[in-house]
Every structure is written in C-alpha cells, then in structure tokens.
Amino acid sequence: MLSDGDVLYLDTTHISCDLLAFRSILESGPDLPAMRKAVGLWKGGFLKGFTISSSPGFSAWQIQEEQNVFYEYKQLLRSLYEAEIKQGDYLSALNHARKYLHLDTFDEEGHRAVIYIHALRGERKLALQQYDTCRTIMWEEFESEVEDETRALVQRIKNGEIRKDGISIMDNTHAPRLAILPLYRIDIENHEVLLFLNMVMEALEDYFAVVPHLRIISRTSTLAYKDSGKRLSLIAAELQADYIIEGFCRGDETSLMIEARLLQTKPDEVTAIKTITLSPHTDNPAVAARYIGDAINMHFSPNATIETPKAGKVVQQQSNVHVSMFSNKLKLQAKHLLRIDEEGVCLKAVALFREAVRIDPSDAEAWAGIGSALLAYSDKGICFPNRTDKLQEAEKVARKALEIDEEEPTALTILGTIAVQKDWNFDRAEELFQKSLQLRPNNTRTLRDYAELCIMTGRYEEARRLSEYVNALDPVNHHNFKIRFWLHLVFHEFQMAEDVVRQHFLLYPDPPLDQILHAHIHLIRGNIDAAMRCFEDIDPTKEMPLSWNHALLVGMGYSLAKKGRTSEAFAIIEQLQQNKSGTVYPYIPIAQIFIGLGEYDSALDWVEIAVEAHDPGLFFLAVNPLFFPLNNHARMEKIVKKTKIVLVNL
C-alpha cells in the first residue's frame with residue numbers, strides 16, 4: 001500500500017491483478033494467442049459480490065466500471081471469434097461465439113454468429129435449429145420477429161450460398177438508428193437541475209436531427225426508459241437501435257458533470273465518450289449539447305462538421321447572448337413538455353413558446369413552436385380526434401414563422417395539417433409535407449400526418465410504409481399506433497391488429513383502452529357477442545379521456561343496435577349528442593350507431609354534419625369497414641365529394 005495524507009493507493013508494481021493484465025493485453029494490439037489468454041482471465045464481473053453500502057459515490061463508480069469491463073470483454077469475444085473464422089478455426093470460433101451469446105441471449109448478433117459458424121462447419125441442421133431458438137426468444141420476450149439481417153442470413157444458408165470468404169454475418173443496408181436515452185442521475189434532486197438536463201437532451205436530439213443519413217428515435221419513446229433498470233441490450237432490441245447515447249450526471253445547481261457515451265449496440269462497443277462540467281444556472285443547454293454532439297458526431301461523420309443552424313434551430317446567433325440563452329431554454333423546456341401526453345401540459349408549452357417570441361420576435365422556431373403546441377393540444381384523441389378550435393391560431397403563427405424563415409419545417413407541417421383539416425386540400429398538404437421532410441427527414445409528426453393523408457386518399461400501401469418508418473423512429477407513439485391498428489383492420493388483418501394492441505399495451509399499459517380496441521376488432525369481424533363481453537368488463541365509472549369515452553360509447557351503441565336493443569342504442573346516441581356543441585365532435589360515432597340500426601339516411605345526415613364542421617373524425621370513413629354499407633348510396637358520394645376522401649373499399 002502507498003499513502004498520501006488520508007488517501008491510500010495500491011502499489012501495482014508489487015501485485016498481480018487480472019483486470020490490469022486484461023487491459024494490458026487489450027492495449028497491446030493482441031494476436032490470437034493473446035486474445036485467448038485475455039478471455040481466460042474473465043471470471044464473471046467486476047468486484048462481483050463486493051459493495052460499500054455507506055458510499056453511494058463508490059456504488060455509482062462500481063456500476064459504471066462494471067459496464068466498461070463488460071463491454072470490453074464482450075467486444076474481445078466478438079473480435080476473437082471473427083479472427084478465428086478468418087483463420088478457419090471454426091470449432092474455437094463456435095465456442096467463443098457461444099460465450100458471447102451467453103452474456104446476453106437477447107443479442108441477435110450473437111445468434112447470427114452461432115448460426116453462421118454452424119453453416120461454415122457444414123452443420124446446416126444445427127444452424128437452422130439455432131435460428132428457431134432465436135425466433136422463439138425474440139417472440140417470447142419481445143413479441144417481435146427476428147431482424148432482417150437474421151432472415152437474410154438464414155435464406156442464404158438455405159440457398160447454399162455460405163462460403164468461408166466473401167459473405168458477412170451482417171448486412172448493413174439500412175440507415176443507422178440512434179436512441180438518446182435519459183441520463184442516469186446520481187444524487188440529483190434539485191428541480192432546476194433536472195429541468196436543465198431535460199433541456200440538454202432535447203437540444204442533443206435537435207443536434208443529431210440534422211446529421212445526414214442518421215435516423216433519430218424520438219424522445220417520446222426513449223423517455224419511457226427513464227430509470228427503467230433494463231439492460232441496454234434489451235432497450236436496443238425494443239427500440240431497434242443501432243446506436244445508443246447513454247451516460248450519467250452528478251452535481252448540484254452550481255456545478256454539474258455530464259458524461260455521455262456512444263454505444264454501438266452490435267457488438268456492444270463504446271465508440272465515443274465526452275465529459276463536460278458546467279453550471280445549470282448560467283450555461284446554455286444548447287451549447288452543452290453541442291459540445292457532446294461534436295465529440296460523438298466524429299463517429300458518424302469524421303470529416304464533417306454540423307453547420308450552426310439558422311436562428312431558432314439549435315444555437316441562435318444573436319447579439320445579446322444572455323437573451324439568446326434564455327430564449328433557447330424556454331424553447332427546449334417547451335419541447336420537453338410536449339413529450340408528456342397531457343392537454344394541460346400542452347398549454348404550458350404554448351406559454352413558454354410565447355415568452356420566447358416576446359424575447360425575440362424574429363425567432364421562427366418559437367413562432368412555429370406555438371402552432372405545434374396548439375395542434376398537440378387539439379390532437380389528443382387516439383380513437384376520435386376531439387377538436388379543431390386551435391386551427392386558426394396555429395395557422396397564423398405558422399405563417400408568421402415562414403415569413404421569417406421560409407424553410408421552417410415545423411411551420412410547413414402545421415400548414416400541411418391545416419390544409420387537410422380546414423380546406424380538404426390534399427395536394428397542397430402533400431406538397432408541404434414533402435418539403436418539410438426534405439428539411440427534416442426524421443420528423444415523426446410530419447411522417448404520421450403524411451401517412452394519414454395517404455389513407456384518406458386511398459393509398460394504403462404507401463401509408464403502411466410510412467407508418468412502419470415512423471414506428472422504427474418512435475415505437476411508443478399513440479398516434480402512429482392508431483394508424484397501424486386501423487390499417488390492419490382495413491385489410492382485415494385481424495390477428496395482426498390484435499398483435500399490435502397486445503405489443504403496445506404490454507410495454508405501455510393504458511387500460512381500458514386496450515379492452516375498447518379489442519372490442520372494436522370483434523365488431524369489425526362481426527362477433528357482436530364477444531365485443532359486448534369486452535365492453536361489459538369495463539368499469540363504467542372509470543374516468544377516461546373524451547376520445548376514449550366516444551370510442552366506448554360508439555362500440556356499445558353499435559353492438560346494442562346490431563342485437564336489436566334499439567331503445568338502449570338510442571339512449572347512447574342521446575348521450576353522445578350532449579357533447580354535440582362547442583369544439584367536440586361526436587358526429588361520426590353517432591353515424592356509426594345509425595348504421596348498426598340500419599337507418600342509413602340518418603347516418604348520412606350525421607356524416608354531412610361532420611363534413612360541414614370539418615370533423616377530424618372523417619378519417620374513419622377511409623379506414624373503418626363498418627362504414628362500408630354507406631358506400632353504395634349516391635348521397636354519400638355527393639357528401640364526401642367536398643372532402644376528396646376515398647371511402648374504405650377493401
């Protein structure tokens with residue numbers, strides 16, 4: 001031992017330590033024998049079984065160091081079996097690939113390695129058995145299919161195309177997907193510091209949103225993993241992420257240290273680390289994000305730099321630096337609030353964007369932010385959208401944003417959405433959406449609005465492709481979930497619709513909406529009794545959002561109508577009519593119940609009212625097969641001619 005005051009050190013010149021030997025080998029650029037020696041030093045974890053309960057700081061360091069050693073060992077195994085494959089030592093490669101897979105049985109790269117090596121050894125049956133094992137694990141744990149790379153590898157095995165040379169285990173043909181996870185906070189409870197961290201993460205997403213050929217998984221999805229305790233490999237599998245930015249932070253309102261790391265999920269390799277120390281009280285979160293982003297972006301674009309965006313995009317160039325910093329903080333805080341799926345929070349975001357505009361009236365992003373928050377407030381309905389009362393104000397601020405910056409992507413998306421809801425001008429909306437996506441290809445709001453436009457114009461396959469793209473970027477988004485769900489129903493893919501509901505609510509429980517949606521699947525399949533059993537299991541006294549209530553009432557009313565319980569169906573129509581005034585639209589639900597009653601003229605009356613009111617619920621004329629009986633009526637064609645909506649016809 002060596003001592004220096006009250007600090008003790010180990011004299012490493014007089015001890016033997018497996019970790020020091022392990023890292024010494026890694027740093028030496030090892031050959032095959034040295035790599036095998038290093039692998040043999042692994043005994044199952046860093047300081048396994050040892051803790052100091054009275055020292056939170058030690059525990060945090062220990063966890064971090066354990067992850068570092070784990071990543072180093074896993075990467076070593078991968079490098080080793082790949083080197084052994086090149087040398088033709090397939091038996092040893094298979095042994096090390098199995099060790100790699102044993103570390104994380106959910107890592108599909110490990111399964112692919114074992115499958116591939118079996119194929120190289122001529123063990124086709126064992127390769128296909130490993131594939132079946134992989135498929136079983138992926139389905140039982142995540143209820144998802146295996147990745148495209150795995151299917152492609154197995155197909156090449158079946159085709160007899162596997163050779164020792166000239167074929168890769170992975171086929172990296174898709175654009176890489178990046179997930180920015182919430183930072184792990186060590187002993188941080190101060191509200192202002194937590195808010196500052198949220199703003200840094202929002203700014204970091206803004207930074208990478210402009211990196212070419214990179215898909216950014218939305219923070220709407222990544223926030224679901226805050227303090228989840230899940231392994232990174234599990235998170236990567238659920239989000240289908242190729243890269244993850246994760247890390248930790250510690251400090252207080254005077255000094256804050258942030259360490260961010262870029263992890264390549266296949267093969268669990270840390271490729272970049274950036275540590276910064278700053279003050280949450282005086283420093284700009286956008287600048288902090290830029291320091292982190294510049295360091296990490298070197299991995300994606302080693303010879304490129306991200307240009308400083310125009311005013312309002314990440315870091316504004318204004319003469320008054322303090323004013324600019326405060327304005328940026330307001331916008332980043334507002335963006336974070338919009339991730340929270342609550343109406344009142346949307347209005348708080350509107351107020352923050354308004355304050356940013358007051359500080360700098362030339363900030364196009366802030367003007368567009370007001371419109372985005374207003375539309376978010378108006379668009380909370382998963383089953384039946386509630387209101388369009390904010391459209392006029394949203395249009396006004398979006399046009400103001402474009403006067404300042406004609407390439408403000410959020411403003412373009414807002415005007416595209418309004419072109420649909422206000423004027424039924426699908427051509428103009430498509431033009432605006434396409435222009436917005438050229439500027440910001442990863443914008444999930446634009447993509448899903450474009451998908452809805454494709455549905456309303458009868459372009460179902462195009463809508464499906466857009467929906468799958470959005471799902472890769474934002475797998476927990478409720479609005480995209482709605483699109484995927486109804487697309488399956490319009491194609492009568494009932495089992496797939498059931499799977500979407502089960503997968504979504506398995507990860508993010510939200511009763512009784514799952515029961516309501518299962519009941520609607522039964523209705524479309526014609527199984528009225530099964531639907532009614534679902535409705536009867538729902539607590540009628542449970543408070544729920546208005547759009548859910550409409551979905552529950554229309555389902556119950558339609559079921560009662562089809563069972564001949566006419567008076568009870570009319571009672572539900574009366575209940576829905578109580579919500580007829582103001583900005584709430586029950587018109588399409590009422591029309592659906594009249595279809596169940598066989599009173600098509602009354603149903604058409606309510607569809608006509610919905611058209612005159614520009615009811616967003618008209619979307620369901622294009623996707624809900626229960627509206628098909630109206631399609632043969634000449635009056636229906638005349639009513640929807642104003643909207644240019646293509647009626648459901650599959």
Side-chain angles (χ1 to χ4, degrees), residues 343 375-391 417-424 426 429 448-449 451-458 463 478-487 489-490 513 516-517 519-520 523-524 544-558 561 572-573 575-596 600 602-631 636 639-648:
E343 292 182 356
L375 287 187
Y377 173 71
S378 300
D379 190 26
K380 287 301 173 191
I382 295 174
C383 299
F384 291 95
N386 292 343
R387 43 168 96 82
T388 57
D389 54 314
K390 304 297 182 183
L391 285 186
T417 302
I418 291 172
V420 171
Q421 295 190 19
K422 182 181 175 184
D423 304 317
W424 312 113
F426 294 139
R448 73 171 189 261
D449 285 355
E452 289 195 2
L453 181 150
C454 290
I455 289 172
M456 288 188 284
T457 53
H478 280 311
H479 299 284
N480 188 54
F481 160 71
K482 173 189 76 175
I483 293 171
R484 296 171 65 219
F485 174 77
W486 283 105
L487 276 173
L489 290 183
V490 81
L513 183 57
I516 294 172
L517 295 178
H520 278 271
L523 290 179
I524 292 170
M544 63 183 75
L546 188 58
S547 65
W548 298 15
N549 182 254
H550 281 179
L552 174 61
L553 291 175
V554 66
M556 292 173 59
Y558 182 87
I572 288 182
I573 289 174
Q575 193 173 346
L576 283 166
Q577 282 183 288
Q578 294 176 8
N579 291 328
K580 178 180 175 182
S581 62
T583 58
V584 178
Y585 300 103
Y587 311 136
I588 294 301
I590 293 174
Q592 184 177 322
I593 297 175
F594 274 114
I595 291 173
Y600 295 149
S602 296
L604 289 166
D605 289 341
W606 285 98
V607 172
E608 191 166 13
I609 292 171
V611 170
E612 294 301 322
H614 288 265
D615 180 3
L618 288 166
F619 166 83
F620 293 97
L621 298 183
V623 292
N624 191 340
L626 296 181
F627 283 91
F628 187 79
L630 299 183
N631 289 11
M636 182 66 165
I639 291 171
V640 299
K641 187 176 181 180
K642 299 177 183 178
T643 69
K644 301 179 184 177
I645 292 175
V646 176
L647 300 175
V648 59

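Below, all heavy atoms of this structure are taken into account, side chains as well, without hydrogens, waters or symmetry copies.
Between Ile572 and Tyr558, every side-chain heavy-atom pair lies at or beyond the 4.5 Å cut-off. The side-chain heavy atoms of His520 and Leu626, taken from C-beta on, include no pair separated by under 4.5 Å. Proximity of Val611 to Leu618: side-chain heavy atoms (C-beta onward) are separated by under 4.5 Å at one or more points. No side-chain heavy atom of Phe620 sits under 4.5 Å from any side-chain heavy atom of Val554. Looking only at side-chain heavy atoms (C-beta outward), Leu552 and Met556 come within less than 4.5 Å of each other. Leu647 has its side chain out of reach of Phe627: every pair of non-hydrogen atoms, C-beta onward, lies at least 4.5 Å apart.
Residue Ala561 comes nearest to Gly596 through the heavy atom pair CB-C, 3.6 Å, listed as atom of the first residue, atom of the second, then distance. Of all heavy-atom pairs spanning Ser602 and Phe594, the tightest one is CB-CD2, 3.6 Å. Minimum heavy-atom separation, Asp615 to Trp424: O-CH2, 4.3 Å. In plain terms, the two heavy atoms of Ala591 and Val607 that are nearest each other are CB-CG2, 4.0 Å. The heavy-atom pair separating Ile483 from Glu452 by the smallest distance is CD1-CG, 3.6 Å. Nearest heavy-atom pair across Ala429 and Val420 is CB-CG2, 3.5 Å.
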* Run the side chain to side chain contact (heavy atoms under 4.5 Å, CB included) check on Phe426 and Val646 step by step: do they pass? -> CA-CA 11 Å; Phe426 294 139; Val646 176; over 6 Å; no
* To do: Take Lys644 and Met456 through the test side chain to side chain contact (heavy atoms under 4.5 Å, CB included) and record every step on the way to the result.
  => CA-CA 8 Å; Lys644 301 179 184 177; Met456 288 188 284; over 6 Å; no
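The side chain to side chain contact (heavy atoms under 4.5 Å, CB included) test with Pro586 is passed by exactly one of Asn549, Leu553, Leu576: Leu576.
Atom OH of Tyr587 sits about 8.5 Å away from atom CD1 of Ile590, to the nearest 0.5 Å. Atom CD of residue Gln592 and atom CG of residue Asn624 lie 5.0 Å apart, to the nearest 0.5 angstrom. A distance of 10.0 Å separates CD1 in Ile645 from OG1 in Thr457, rounded to the nearest 0.5 Å. In this structure, CD1 in Ile418 is found 12.5 Å from NE2 in His614, a value given to the nearest 0.5 Å. Interatomic distance, Met636 CE to Glu608 CD, rounded to the nearest 0.5 Å: 11.0 Å. Between atom CD1 of residue Ile516 and atom CH2 of residue Trp548 there is a gap of 7.5 Å, rounded to the nearest 0.5 Å.
Here Phe485 pairs with nothing under the ring pair (Phe, Tyr, Trp, His ring centres under 6.0 Å) rule; sequence neighbours left out.
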